[in-house]
Amino acid sequence: MYNIWPKKMKKLLKASSWAMSKLSNHIEGDNWSTIGQRVHDVLKDYPRLRLTHGRKVLEVRPVIDWNKGKTVEFLLESLGLNSRDDVLSIYIGEDRTDEDAFKVLKKGNRGYGILVSPTPKETSAFYSLREPAEVMEFLKALVSWKEQEEAN
């Protein structure tokens, strides 16, 4: 399917194992709705694919029971981290498509979801940060804390 996209759209798509995402950070104003409609129109010919929306993202996914929460479960299981008490899982996301991952971590008390959003909103995440700069501060603080712990 990736080969049928026009060249300009290919530059805006990133492919993963389970989905293709179109990131709107690189799209100006009115072009967002035009591209969204174009993706929707193309998918009419592909009944085994579906379109999901998030904040500043369109994801083309196969019609299977899969989401970011199932991806978190798969990774924890595959890496043997499900029952480890010396591992803290942290999932940082900014839109609706991340809610499934937040729910998985919260439900199983497996880690912490962090929503990145400039405005408060209902979420299954444990914590929230307002912007990517705060995410960077948080991650640097975690690294610093771990380095201090190892030095002692």
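As a basis for the values below, the full set of heavy atoms in this structure was taken, side chains included, without hydrogen atoms, waters or symmetry mates. In what follows, residues are counted from 1 in the order of the sequence shown.
- With hydrophobic clusters built from ILVMFWY side chains whose heavy atoms lie under 4.5 angstrom apart, Val116 does not share a cluster with Tyr91.
- Heavy atoms from other residues, nucleotides or ligands lying under 6.0 Å from CD of Glu122 number 12 at most.
- The residues Glu149 and Lys146 are annotated as salt-bridged, a charged nitrogen and a carboxylate oxygen being separated by less than 4.0 angstrom.
- Under the 4.5 Å side-chain contact rule for hydrophobic residues, Val87 and Ile114 do not share a cluster.
- Note on Ile64 and Phe74: same hydrophobic cluster, where clusters join Ile, Leu, Val, Met, Phe, Trp and Tyr whose side-chain heavy atoms are under 4.5 Å apart, directly or indirectly.
- Within the model, atoms NZ of Lys68 and CZ of Arg96 stand 11.5 Å from one another, a figure rounded to the nearest 0.5 Å.
- In this structure, the side chains of Asp100 and Val104 stay at 4.5 Å or more apart for every pair of heavy atoms.
- With sequence neighbours left out, Phe138 forms a ring pair (Phe, Tyr, Trp, His ring centres under 6.0 Å) with no residue at all.
- By the neighbour-count criterion of 12 heavy atoms within 6.0 Å, atom OH of Tyr112 is sparsely surrounded, having that number or fewer from other residues, nucleotides or ligands.
- Linking ILVMFWY residues whenever their side-chain heavy atoms come closer than 4.5 Å, directly or via other members, leaves Val63 and Tyr46 in distinct clusters.
- The residues Arg38 and Asp41 are annotated as not salt-bridged, no charged nitrogen and carboxylate oxygen being separated by less than 4.0 angstrom.
- Annotation: side chain of Ser89 is in contact with side chain of Leu76 (closest heavy-atom distance under 4.5 Å).
- The shortest non-hydrogen separation linking Asp98 to Gly93 is OD2-CA, 3.3 Å.
- With a 4.5 Å cut-off on side-chain heavy atoms, Leu139 and Ile92 count as touching.
- Linking Ile, Leu, Val, Met, Phe, Trp and Tyr whenever their side-chain heavy atoms come within less than 4.5 Å leaves Phe102 and Phe126 in two separate clusters.
- Here the closest heavy-atom approach between residue Leu105 and residue Gly113 is recorded as CD1-N, 4.2 Å.
- Listed by chain and number, the residues in a side chain to side chain donor-acceptor pair (under 3.5 Å) with Arg130 are Glu134 (sequence neighbours excluded).
- Here the straight-line distance linking atom OG of Ser128 with atom NZ of Lys121 works out to 10.0 Å at 0.5 Å rounding.
- When every heavy atom of Glu99 is checked against every heavy atom of Ala125, the shortest pair comes out as OE1-N, 4.5 Å.
- From Leu88, atom CG reaches atom CG of Leu81 across 11.5 Å, with rounding to the nearest 0.5 Å.
- Across all their heavy atoms, Asp95 and Leu115 have their closest contact at N-CD1, 4.4 Å.
- How far CD of Glu73 is from OG of Ser78: 11.0 Å, rounded to the nearest 0.5 Å.
- Using a 4.5 Å heavy-atom cutoff, the side chains of Leu142 and Ile90 are in contact.
- The two residues Arg50 and Trp66 come nearest to each other via the heavy atoms NH2-O, 3.5 Å.
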